[in-house]
Amino acid sequence: MVAVLDRCLMIVCNLFLALLCIRALASWLVGMNNSVINRISKISIRLTEFLVAPCRKLISKYNNGMFDWSVLLAFLAVVLFRDISERLILQFLIH
């Protein structure tokens with residue numbers, strides 16, 4: 001049962017990381033006026049904004065350039081969460 005939980009958590013985290021990557025890449029291509037890219041961008045923003053917005057607020061006084069560091073911070077937060085939770089679950093499985 002715990003192994004299934006671990007696998008599901010890893011899948012969800014990896015999907016979320018993929019959405020953050022898609023969001024970052026699509027943000028560079030939105031200016032092309034391509035409806036498919038615009039739709040993909042809007043969907044990825046809707047699905048990831050709940051984590052990116054607090055990151056943006058957290059680093060707002062340092063984020064003064066053209067690059068939005070909040071997406072990178074959200075990415076790092078998900079990777080950290082994934083790795084810590086995987087270690088905790090593995091520790092639970094061992095004991």
Side-chain angles (χ1 to χ4, degrees):
M1 182 66 173
V2 177
V4 173
L5 174 66
D6 179 50
R7 199 72 185 123
C8 290
L9 184 63
M10 294 306 117
I11 290 170
V12 169
C13 286
N14 289 336
L15 286 173
F16 196 77
L17 291 173
L19 283 170
L20 286 169
C21 288
I22 290 168
R23 176 183 176 145
L25 293 173
S27 71
W28 294 343
L29 302 173
V30 165
M32 295 174 56
N33 292 327
N34 185 324
S35 63
V36 175
I37 292 172
N38 289 340
R39 191 173 304 128
I40 290 171
S41 177
K42 287 178 184 179
I43 291 169
S44 66
I45 288 171
R46 281 191 204 129
L47 293 173
T48 59
E49 188 63 21
F50 75 94
L51 182 59
V52 174
C55 293
R56 187 178 300 116
K57 186 176 180 182
L58 182 68
I59 62 172
S60 63
K61 62 181 175 182
Y62 305 110
N63 203 9
N64 56 5
M66 287 180 52
F67 189 76
D68 185 10
W69 293 99
S70 57
V71 175
L72 179 61
L73 183 60
F75 188 91
L76 293 174
V78 172
V79 168
L80 186 64
F81 172 77
R82 182 191 65 190
D83 292 348
I84 290 172
S85 61
E86 184 175 30
R87 288 175 193 243
L88 290 173
I89 290 171
L90 287 174
Q91 283 291 339
F92 181 73
L93 285 173
I94 292 171
H95 293 292

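Please read all numbers here as calculations on a predicted model, not as lab measurements. Worth knowing before you read on, the calculation uses all heavy atoms, side chains too, and leaves out hydrogens, waters and symmetry mates.
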J.: Applying the 4.5 Å side-chain criterion to the ILVMFWY set and letting contacts propagate, would Val79 and Val71 be lumped into a single cluster?
T.: yes
J.: Is there a path of hydrophobic side-chain contacts, each under 4.5 Å between heavy atoms of I/L/V/M/F/W/Y residues, joining Ile89 to Phe81?
T.: yes
J.: Check whether Leu25 and Leu72 end up in the same hydrophobic cluster, where Ile, Leu, Val, Met, Phe, Trp and Tyr are linked by side-chain heavy atoms less than 4.5 Å apart.
T.: yes
J.: Are side-chain heavy atoms of Asp6 and Glu86 found at a separation under 4.5 Å?
T.: yes
J.: Any chance you could measure Met10, atom CE, to Leu15, atom CG, to the nearest 0.5 Å?
T.: 12.0 Å
J.: Does the ring center of Phe16 lie less than 6.0 Å from the ring center of Phe50?
T.: yes
J.: What heavy-atom pair brings Ser70 and Ile59 nearest, and what distance separates the two atoms?
T.: N-CD1, 3.6 Å
J.: Atom CG of Leu88 and atom CG of Asp83: how far apart are they, to the nearest 0.5 Å?
T.: 11.0 Å
J.: Please examine the side chains of Trp69 and Cys55, heavy atoms only from C-beta on, and report whether any two atoms are closer than 4.5 Å.
T.: no
J.: I'd like to know whether Arg56 forms a salt bridge (charged side-chain N to carboxylate O under 4.0 Å, His left out) with Glu49, so could you lay out the CA-CA distance, the side-chain angles of the two residues, the decisive distance to 0.1 Å, and finally the verdict.
T.: CA-CA 10 Å; Arg56 187 178 300 116; Glu49 188 63 21; 3.0 Å; yes
J.: Is there a side-chain contact between Asn38 and Leu29 (heavy atoms, below 4.5 Å)?
T.: no
J.: Hey, could you give me the CG/OG distance between Leu9 and Ser85, rounded to the nearest 0.5 Å?
T.: 4.0 Å
J.: Looking at CG of Leu76 and CG of Leu20, how far apart are the two atoms once the value is rounded to the nearest 0.5 Å?
T.: 10.0 Å
J.: If we ignore hydrogens and angles and just use 3.5 Å, is the side chain of Ser41 paired with the main-chain N or O of Ile37 as donor and acceptor?
T.: no
J.: Distance from Arg23 atom CZ to Ile40 atom CD1, nearest 0.5 Å?
T.: 14.5 Å
J.: When Val78 is tested against each of Val12, Leu51, Leu73 for side-chain contact (heavy atoms from CB on, under 4.5 Å), which residue passes?
T.: Leu51
J.: Could you measure the distance from the CD1 atom of Ile22 to the CG atom of Leu47? Nearest 0.5 Å is fine.
T.: 9.5 Å
J.: Side-chain contact, heavy-atom cut-off 4.5 Å: Arg87 with Leu90?
T.: no
